[in-house]
Amino acid sequence: MTVALEGRPGRARPTLVNHNLTTASGIGLGVSMIWFSLLVLIPLTAVLVTASSGGWAEFWRSITNEQTRAAIRLTVMAAASVTLVNIVAGTAIAWVLVRDRFPGKGLLELVIDIPFALPTIVAGLVLVSLYGNDSPLGLHLANTSGSVYLAFLFVTLPFVVRMVQPVLEELDMEVEEAAASLGAGRATIFRRVVLPSLAPAIAAGAALSFARAMGEYGSLVLLSGNLPFESEVTSVRILSAIENDNQAAAASIAAVLLVISLLVIVALDILQRRVARRG
Amino acid sequence: MAETRRASAGPTTYVLRVLVIAYLALLVAWPVVLVGTNAFANGTQAMVDVLADPDTVHALQLSAIAAVVATVINTVFGVTISMLLVRKEFPGKRVLSALIDLPLSVSPIVVGLALMLVYGGRNGWLGPTVEDWGLQVVFATPGIVLATAFVSLPLVIREVVPVLHELGTEQEQAAQSLGASGWQTFWRITLPSIKWAVIYGVVLTLARSLGEFGAVKVVSGNVLGETRTATLAVEERYLNFDQEGAYALAFLLASVSVLAILVVFVLRARGTRHRAFERQS
Amino acid sequence: MSIDVSGVNKRYGEFVALQDINLTLPTGQLTALLGPSGGGKTTLLRIIAGLETADSGSVVIEGVEATRLPVQKRNVGFVFQHYAAFKHLSVARNVAFGLEIRKKPKDEIRAKVDELLRLVHLDAFADRLPSQLSGGQRQRMALARALAIEPSVLLLDEPFGALDAKVRKELRDWLRRLHDEVHVTTVFVTHDQEEALEVADEIVVVNEGRVEQVGSPDQLYDAPANEFVMGFLGEVTVLGGVRLRPHDVEMTTAPVPGALEGRVVRALRVGFEVRVTVDVAGQDAPVTVVMTRTHARSLGLEPGTAVWLAPAEGATAVASATPAARPAPEAVAG
Ligand SMILES: Nc1ncnc2c1ncn2[C@@H]1O[C@H](COP(=O)(O)OP(=O)(O)O)[C@@H](O)[C@H]1O
Ligand SMILES: [Mg+2]
């Protein structure tokens, strides 16, 4: 005759967490923070400081230079479109990986991770081989803006898939079955039951893939030809400014990218907390 | 698990399956296979030539050294930060945990620029000082290591943090109640429990480090035989119309990455089986 | 005295988890901390172990002031509800852990581990990993691991809570026998009154961060200090403003002086017992009466039968307080 059920498993108890830092962990934190600052925080701050060193007008002139504007426009357009494609394709891929079963599915799992692990310049070469001037498909994307879209699609492929997949795996099929028993059709179940649970994960994956695309460089240099006003992206603009020894201009454009990265990080932090809560 | 999750196979299932396979084949699989066939278009000659070139061998060595050093640093740093983020409370924790992901979303070119601005020998914030100590960072190996460490910084942490969360603190508390000190608890209980996550993290970091291109391009100076890494050599060969050489070198690098994914894939499958078994028993 | 807890308070933010806890547990005794979930049992046990620090108050173990001692130095054996098995170590290595930490010689460790594994009937499983054991076996391994360090006190947090009913019953009898063999001062947490009543020498009833009553199983059952303890230890029904056990209500079919008249609503047979629900005039809630089947048959009960109810002689009873108020301290016993 059990009176009440224990609801809280022992591992949820955050007891040791409340302890303040011990000497050893304090030193660990200190050393880690110094390293993190030297490697990441100070350099990124240097970008923002250098960008603002010439004043607002100078900054504005750097980022509104006609060629730069075209590059930023292309990058944002391509990153946004590719992110939209990833939202749909990534969710579909995750769905197939989790819910479908067929021989060779394991191979797909491997293929998904290739863009992440492949050196970007190799990725560029990979794309040249199928979509370049010797394209066996007859698709000649070299030196066009299409090459930028293609490269972005390639390198951002894993993000939505890998965010959505674990959430889909944890999703309770019984909830869908319950919805079905209440008369909901497959499309309705997907839209009303599944999609809301996946939404934070999809959004987090989308944020990551947008950020990655905005900063992409290595995978597109070979295919795009970096033609101004046609296939030149923001990071290429930054690189030419660096090569022309114009660090202030480089930093100004970089600051724009950096602010976008920061926004994505904030969005991601919020979304991941939401994913964790739902999961 | 897959058994119960299986959707009833309607026409949608098949259409979706075919679309996904086609998409992945066109975007990833076919192009990757083409790199292999292009690399060996004229037999193994291109590969032999590439490996006989001392500058290329130097580039491969440099990439390997930078990747290994960056991975060691990121592993120690990553495990420390993960432990602190999951097991300790301290002010600024949430900000730190968000900032840790920043390197994943910063453009490699921006990374290179940022490091130049601080460690540049001429007018960097710290560069001249460091150079006075006799250490050249930018346009030298330390700069390549920094750039590599920057871009692969969060990978170990992203693998280890969820596992530490899931592990919970009960085993650690049990060890302490049996008399183990914090240090003993870490080495005897925590580390063995997160071993696989650390290994995935290391493999992913290694793969990512070996392949870094943009950031290294900015800070290395790309000097033949000195600061040219393997990825820079691929670009150089391609731009110099040595396509075969480029493909051969790319094939080498791609093999390493695919091997890395395979290792992680196998380890993960093993880990999942392990966990499923534990849950069911 | 083996464990002395005095004036312990613990808050989590605004929430008061423990309030002025004073407890003294003698050496060698098997004590149960009994109470509803969320009452503060685990918190109290963890404060005794040193896994949690109290905001104020002190803990003395075996005469040693332990309030400021870290868990490593208290020499307590702690058994966690979810076993906290070291998953990467074999059963034998799990048990050996505390001895290895204490840098005991290898052969001494081996001998001790063998002895303990025999004691908990796991000698055949020494080389298995915890994942290859059943829940009950893992719990016994955890117990052996805690006993290996020869703790001055053994603390168990819901040791059988995660096990199925049959294994739980087996293990609880086994724990009782083990305690009679080993005789280490033991405190175990449970929310199952039956478990506490069967196994413990003494029961501490904990509710809402307070100790409601301390006593032997008999004392608690026969003389509950208040309404809460009475209700927690068994079923309660209210008859004429008095709370008592349903089997302590005497029922007759003829008027008896002092008895309350009522009408049978239904009689339900549950195994060898019959549970009769009776509507009593002037009382909102019906009264539940439990009697043997034979007795029920002899009364010839049908829905609508008029009956007279009175507390049996020697019944455990507590005056019923207004529902919102704290249980009345002036409990009427006997
Ligand atoms: N680390 C904690 N942080 C906040 N509240 C806690 C924590 N640990 C326990 N509590 C709260 O203290 C109360 C008592 O918990 P506990 O001692 O686990 O109760 P019991 O073991 O009797 O079920 C509960 O309401 C619980 O929510
Ligand atoms: Mg508890």
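Numbered from 1 within each chain, the chains take letters A, B, ... in sequence-line order.
Using modelled atom types, no side-chain atom of C:Arg74 and backbone atom of B:Ser177 make a donor-acceptor pair closer than 3.5 Å. Remark: side-chain polar atoms of C:Gln72 are paired, donor with acceptor, to backbone N or O of B:Ala180 under 3.5 angstrom. When atom types are taken as modelled, the side chain of C:His88 and the backbone of B:Leu191 share no donor-acceptor pair closer than 3.5 angstrom.
Heavy atoms of C:Ala148 lying under 4.5 Å from chain B are absent altogether. In this structure, chain C has heavy atoms under 4.5 Å from both the backbone and the side chain of B:Gln171.
More than 12 heavy atoms of other residues, nucleotides or ligands lie within 6.0 Å of CZ in C:Arg176, so this atom counts as buried by the packing criterion.
Your options are C:Lys73, C:Arg102, C:Glu100, and the one with the most heavy-atom pairs under 4.5 Å with chain B is C:Arg102. In terms of heavy-atom pairs under 4.5 angstrom with chain B, the leader among C:Ala49, C:Pro151, C:Ala85 is C:Ala85.
Two residues are said to be in side-chain contact when any heavy atoms from C-beta on lie closer than 4.5 Å; C:Phe78 and B:Gln173 fail this criterion.
Put simply, CD on B:Gln176 and CG on C:Leu51 are 7.5 Å apart, with the number rounded to the nearest 0.5 Å.
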